[in-house]
Amino acid sequence: MTKRDAICETALELFAEKGIEATTTREIAEKAGAAEGTLYRHFDGKDDLAQWLYRRCTAQLEETLTEAVAEAPPPPARLEALVRGVFGFYASKPASCTYLLSTQESSLGTEAADEAPRSPLRFFAEALDAGVSDGTFRDAPVTLTAGWILAMVQQTVRSLKADALSMSAQAAIDRTVDAALRLAEAPSA
């Protein structure tokens, strides 16, 4: 592992654990076993490093979600695959997932659209839109519904991370999938 890689991985862990503001460049460098100047050789500073990590983590999540929906064409199966895909991302890359959750409402996600990886919200909105079009999902604003579903998933991830649930991780995931599908489904006639 190069010093740059060590700095990036250490920063990701610290940002996910403590937040960007509470983490110093000195702390990142020391924990990575590098001089603070080494960080500045690769990045303009902590904000540049945080932005680079955000883009990397978002691209990783985009890849995970793209793979999740590749074999799930009907809208309900696609929505379920997306929800399970986020949980799979958390299981395989907990620091990356936690970092994205912690930075979701910050200015890190305000890049130009042509530079930014595809937003997870767009994956969910597209699946919901397809379901609205074919009548399997309720006719509701898809961006709003996608936001509600992502918020449920995020809360479940936070609860799993904090070990704050009185059920197994699989049961929590299954219940979240069920709730997402019930929220989206069209009312019976």
Side-chain angles (χ1 to χ4, degrees), residues 8-9 11-17 19-20 50-111 113 116-132 136-138 140-185:
C8 292
E9 293 312 307
L12 179 61
E13 290 171 16
L14 289 170
F15 291 164
E17 178 185 328
I20 297 167
Q51 188 66 254
W52 185 87
L53 286 170
Y54 179 83
R55 286 189 304 271
R56 185 184 84 172
C57 293
T58 304
Q60 290 170 336
L61 178 57
E62 176 184 356
E63 183 179 320
T64 298
L65 295 179
T66 298
E67 290 172 8
V69 297
E71 299 295 322
R78 195 175 330 158
L79 181 59
E80 179 175 349
L82 288 169
V83 172
R84 291 189 187 282
V86 174
F87 287 115
F89 181 69
Y90 171 67
S92 67
K93 297 182 179 345
S96 294
C97 188
T98 301
Y99 179 62
L100 286 178
L101 292 177
S102 70
T103 59
Q104 178 187 347
E105 296 165 4
S106 74
S107 62
L108 290 177
T110 58
E111 295 181 79
R118 194 167 171 213
S119 163
L121 188 67
R122 287 181 24 210
F123 280 92
F124 283 82
E126 288 170 3
L128 290 164
D129 192 44
V132 169
T136 57
F137 292 154
R138 74 179 63 240
V142 295
T143 304
L144 184 59
T145 306
W148 290 337
I149 291 170
L150 271 173
M152 282 192 298
V153 172
Q154 290 169 347
Q155 184 57 47
T156 305
V157 167
R158 285 186 182 108
S159 296
L160 290 170
K161 182 174 172 33
D163 198 25
L165 298 174
S166 60
M167 66 181 76
S168 71
Q170 190 58 54
I173 292 167
D174 291 343
R175 285 188 182 182
T176 305
V177 167
D178 182 60
L181 290 170
R182 282 187 288 120
L183 177 65
E185 74 186 3

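Remark: E9 engages M1, L12, R56 in a side chain to side chain contact (heavy atoms under 4.5 Å, CB included) (not counting sequence neighbours). Annotation: side chain to side chain contact (heavy atoms under 4.5 Å, CB included) contacts of A11 (sequence neighbours excluded): F15, I28, L49, L53.
Taken to the nearest 0.5 Å, the CD atom of E13 stands 11.5 Å off from the SG atom of C8. Here the CZ atom belonging to R55 is positioned 14.0 Å from the CD atom belonging to E62, to the nearest 0.5 angstrom. Distance check, rounded to the nearest 0.5 Å: CZ of F87 to OG1 of T176 gives 4.0 Å. Rounding to the nearest 0.5 Å places CZ of F123 at 7.5 Å from CG of L82. In this structure, CZ on R78 lies 9.5 Å from CG on L128, to the nearest 0.5 angstrom.
Applying the salt bridge (Lys or Arg N to Asp or Glu O under 4.0 Å) test to pairs two or more places apart or on separate chains, none has a residue in residues 86-96.
Counting non-hydrogen atoms of other residues, nucleotides and ligands closer than 6.0 Å to CZ of R175 gives a total of 12 or fewer.
Using modelled atom types, one side-chain atom of R138 and one backbone atom of L183 make a donor-acceptor pair closer than 3.5 Å. A donor-acceptor pair under 3.5 Å is formed between the side chain of T64 and the backbone N or O of Q60. A distance-only check finds a donor-acceptor pair linking the side chain of Y99 to the backbone of A50 [under 3.5 Å].
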Could you go step by step and tell me if R84 and D174 meet the salt bridge (charged side-chain N to carboxylate O under 4.0 Å, His left out) rule? CA-CA 9 Å; R84 291 189 187 282; D174 291 343; 3.0 Å; yes
